Amino acid sequence: MPDAVATRRRGRVYVTKSVAPYLFLLPFMALFIAFLIAPLCYAFGLSLFKTTMVAGTQFVGAANYLKVFTDPSFWDGVVLLFKFGLMQIPIMLGLALLYALILDSGRVYGRNFFRIAFFIPYAVPSVIAALLWGYLYGPSFGPFGQLAEFFHLPKPQFLLDGTILGSIANIAVWEFMGYNLIIYFAALQAIPQDLEEASSVDGATGLQYALRIKLPLIMPTVIVTIIFSIIGTLQLFSEPYLMRNLAPGIINSHYTPNFYAYTLAFTNQQYNYSAAVSFVLGGVVAVVSYVFMLLANRRAA
Amino acid sequence: MEKDSKRMTLDRRQFMQAAGAGLAATAVAGLPFAAVAQDKVELLLWAWTPDTQVQADMFTKKYPNISVKVENVGQGGPHYVKLRNAIQAGTGLPDLAQMEFNSIPSFKQLGVLADLGAAANPVKDQFIDWTWKAVSDGDKVYGIPWDSGPMGLLYRNDVFEKNKIEIPGTWDAYSEASLKLATDAPGTYMSNFGVSDAGWVAAVLWQAGWRPFHTEGTDIQIKLNDDIAKKWAGYWQKLIDAKAVDTKPMWTTEWFAALDDGVHASWVTAAWAPVLMQNSMKKSVGLWRAAPMPQWTAGGTVTSNWGGSTFAAMTTTPHPEEAALFATFMGSDPEAAALWNSKQFLFPVLKSLIDDKALMGAPNAFYGGQAVNEVFVVSENQVDPSFEFAPFQDFVNQTMQDEMSASIAGTGTLADAFDRLQDKVVAYATDQGYTVS
Amino acid sequence: MAVIELKGVEKSFGSVKVIRGVDLKVEHGEFVVFVGPSGSGKSTLLRLVAGLEETSGGTILIDGRDVTNLGPAERELAMVFQSYALYPHKTIRGNMSFGLEVAGFPKDEIRQRVDEVARLLQLSDYLERKPRELSGGQRQRVAIGRAIVREPVAFMFDEPLSNLDAGLRVDMRIEITKLHQRLGATMIYVTHDQVEAMTLADRIVVLDKGIIQQTGSPLELYEHPANLFVAQFIGSPKMNVLPAAFKEGRISINGGVGIEAGKMTGTDVANVGIRPDDIEISPDGTGLIHGKVDVVERLGSDTFAYVAVPGAHAVTVRAPRDSAVAIGQDVGLTFRPERLQIFAVDGTSLRLRPGV
Amino acid sequence: MAIVSKTANSASFRNSRRWLTVALALYFIYTFIPIFYVIVSSTKSNADLFGTFGLWFSGDFHFWQNLQDLFTYQDGIFSRWLLNTILYSVVSGVGAALFATFAGYAFSKFEFVGKKLSFALVLGAVMIPQTALVIPIFLLLSKVGLVNTPWAVILPSLVFPPGVFLMKVYADDALSNELIEAGRVDGAGEVHIFFNIAFRLLTPGFATVLILAFVATWNNYFLPLVLLNSSDNFPVTVGLSQWYALATSGSGGAVLFSIVMAGSLVSIVPVIAAFLIMQRYWQGGLGAGGVKA
């Protein structure tokens, strides 16, 4: 009988606990190193050199980085992103939170329908989202312009200097509100039912329960979504890139830092400087996320 | 070499005739091109003009051992991005690429354009002079032209008649008409000031005598903000300030609609525009007309070019002779070249086609039966050939678009935009190692 | 059946030492219970035996074979987990078969063994169900069945009853006892519940802070705890502890009267312990110490009186169920000196065990 | 539910229920406008596209014609693009989800040397700007001759760091250590345990990562734009935007606008369908990630 466990195994590959984690990590990590770490190292290498049309390539050390720090094209883009983020993130997450609370309250018709419907824009490629909204924004062909014309009202101008940032923010809200809503909704659903019963025994109304019990409980989730939104915002690229044809005067070649990096590499052929810009942007992203986390933690403590 | 190339030319002409007579297959073997044609060769061409494969197949029909695959890797900008990326990567370049006139200096600078002289110089005389000058440097030829864009004026006959506007022969008259139209018919504009297309700006300034670049080796003269530019900027600034021109981004559906709806009464544009408009517009059929480009001096006969393309071979191609042969064929073969005009509706670069009255004199219903091409034929012969593009023209275009758009949006005047442009381009050129003067 | 031997076994998590040198031998067919408060290292020690944790030092032998560096599968043990750890997507039969399938047994034999064990554990009617369709007690039996069916050399139980309600826990306790008697297998059982330990074990191993405090039969531990920790941990209600000192050959309790010390191994007396059962309530003014009755609990079978004694913790006394003791009453407390446990300053027991 | 059901019939409850539903409906309209627009537009001829009110159908129902044009223009290359997109998305989605599940499981259930560092790296990867990666990826893949092959899109898409994070959190939550230990005691090897025990319980998380990675690849534009040259290899996003560029630049292609609209509609339908079919899974998975994170 003692032979039962150990010896009857049929030539099966037996992986032990000490080897297993490496084996499980191998496929991801191999690809992670090949397509993330290696390109990053390569890009970092690039950022230390300077290739010119005439003089060839030379090592310049930190010169590209020093240049980024005094490059208004880069910092204008960063400032613009801050404006964009301060506008878009609160609206998007505020709506997501509001609608998640409404859906979770149980006091609606068609809860499942709305939940899915709100999520659908996430499935629309940003290329197509930008294209569709581009049409919708058009003063002549856009339905809003057409409606205004029909009622002899001034046409709404979505693509002017003062409004286009809002118009891009609107696309981002449209695309990602539902995604955040689903996350909040799931977090809300995880709150034990007896809390609602307890608060109701304590005399709280549904609204009070939502704001004073549920909201604080899902705060950790909210903080995570804010951080991800900050990261997403600072990497803004596709929407302005694709909307550029509609408002080339306003969306210039360094509208966002990511866009600037793209222009530097692909139009100006300054691959080295572009790499440095990307790294500084990555640094800005890290710093902003970190500062936000510090603030959030201090609040929580 | 000299001798060889002459002999080759002779043989090639004979060959073409023979091929035309349907004797291609047997003729090939006996030619000095034997090396070219004997092995099966496939060439890769990056081009975005629709149906380019049709002409490529015509070539293969004549040279059965050389097949050509056409790939569209992107329209305009993205196409060049792909080329540059491949250059940067050191691999992945096609054998040949479509190359607009204004991109030739840039890619020449990068050292990737093969000299097609041996195959192309013999047919040099068939091309409109300025187009050949734009692609060649002495005996060296960096691209074979097959499409050009001499400038002219397209206008709305209905709007002009309704508002009693004469066809403006000069820019002064054009300005007056703009102001008049702005007063008489609010909401209608004589034109759209299309700064979002740097190519248009360069073309219009070209006519005004602007010569911003002259490159010799690593020395470059940069005069983007000279008096000509400033004067030109002042001209348009006045119209912008008077709200006598529209400032829509070009190439958007909104912009097409403005032309179609008569919001824009005219467009100073190139020879490829008439067919483009005809294909894109439904409402304004029969309402458009063509006229010569307005002149800076009354009675002047100077025009310029906007757009137009060549085929260039890459130095990396393993089949330089076949590539040169193909590029030359695409530009100069009478049948293929005629097809550029009749199928792709491009404006020809061959003297024979320009002079072809039947081809150029066809009336066009979209233009009220006017033979619009005749206007551009005249323009083609008046293009000032002395214009030079920068060896980093994409950067110039990008920056020009940024700076001029910023001025339109309220950051200073157009003249300021040229000053900013000059500073940035000089800085860039210096940074790239050029000696700027 | 197996003999399991631990020699100087140590375990650290990072810089924290959880097991600090354990020597233990579990005999053939013995039922050994590891007991201790949470954090005492009892579960870790079990997991070290099972091979679920790697030792930081020492050796583990099963039937004389060094298994220290072998994985759990190669130790031929079976384990029953606190959460049952049934595979939720498999049927009961699937759960019980899994180990045998892994070991490559023929299908017929697997079926036969599972059926047999299911009959033994009265699970035959549930074999095709999923774990979530079973009650807690049934799931527990499946977990045990899964262990039995593999006919392992020894069984490990990791707090297997703590997720069950009180009544069921008693039933399962009895079932496990019967099972042990029937299988005669070596079993190591971890619990924090000393009642469970007392009722199940052939031998109890009391652990605290990663060190074995004492091993012995339940009665030995009860009667002769090796130190204050064991004395207080074993037995319910807890043993009373009173401050004491050794004076002139006698032991003075709570600063009061001295009693005959009996045979002792030392004289640095700090505390004495006396179990609630061993105290009698006598009228005020009599007895060895006195106090005031604070709380009286009448459980039916017993009556517990909690008596406040000046200068010491409340003393718990088990009184007869019909005792007339009442709250607020001043009482004297009497006990037989030989029942006293005597502890040194470092907590070790100073009283010699009989026959020593 | 007790409270809710107790008050479900009260007037104030019905009243608030009505208003809250109205609030949802308003946002739904907003959400639906662009989608409605693409549906409406894909039924219109090119002329009607610019000649009639954008948010309502024109008299002329051109949908089938547009579809036919869509699938026949340029020798029907759109079908090729659609197949490419499906290929890239399915392979990347399944691969990324599988590898993320492996890795997340390893991070959740094992102790090993370098665990903290590698997990921090994976988390930090989220902060890397896309342009910073695409250029060097292009240059590196050029060196090994993978540019302009399906691998150029698929291989980088297999790396999905958020998926690893989500799977770690999900495994922490949904998979008890004891279950794995039970498998070990039962004598199963780690690979056997993963596939026979763990994976079944991680399925909702796996499905979530699968659909997120699937959608990420389906919607990806920049990476294939840079890494692919032949239109034979294009995914729908790149192909359609090229047609759109063709349409706006004129080149005799104005008729393309209605095709682009039809193409947009066709390209989002499968993703929405995937969402609906798999909703039971991904909603649970996103939840676990969200609550714990």
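In what follows, chains carry the letters A, B, and so on, assigned in the order in which the sequence lines appear, proteins first and then strands, with residues in each chain numbered from 1. All of these numbers come straight from a predicted model, not from anything done at the bench.
The greatest number of non-hydrogen atom pairs below 4.5 Å with chain D, out of C:M156, C:K90, C:Q82, is found for C:Q82. Comparing C:A78, C:A147, C:A143, C:P88 by heavy-atom pairs within less than 4.5 Å of chain D, the highest count is held by C:P88.
Relative to the ring axis of C:Y84, C:R141 does not place its NZ or CZ within 45° and under 6.0 Å from the centre. Annotation: cation-pi pair D:K168/D:F119 present, NZ/CZ under 6.0 Å from the ring centroid and within 45° of its normal.
The main-chain N or O of C:G210 is never found under 3.5 Å from a side-chain atom of C:K17 such that the two would form a donor-acceptor pair.
Aromatic pair D:Y105/D:F110: centroids less than 6.0 angstrom apart.
One side chain, C:S83 or D:E178, offers a donor N or O that lies under 3.5 Å from an acceptor on the other.
Contacts of residues 47-54 of chain C with chain D at a heavy-atom distance below 4.5 Å involve C:R47, C:L52, listed in sequence order.
Heavy atoms of D:L201 lying under 4.5 Å from chain C belong exclusively to its side chain. Contacts between D:R200 and chain C at a heavy-atom distance below 4.5 Å involve the side chain alone, from C-beta outward. Proximity to chain C (any heavy atom under 4.5 Å) is shown, for D:N177, by neither the backbone nor the side chain.
Salt-bridge check for C:R65 with C:E76: passed, with a basic side-chain N closer than 4.0 Å to an acidic carboxylate O. Note on C:R93 versus C:E128: salt bridge recorded, some NZ/NE/NH1/NH2 to OD/OE distance being below 4.0 Å.
With sequence neighbours left out, D:R80 forms a side chain to side chain donor-acceptor pair (under 3.5 Å) with no residue at all.
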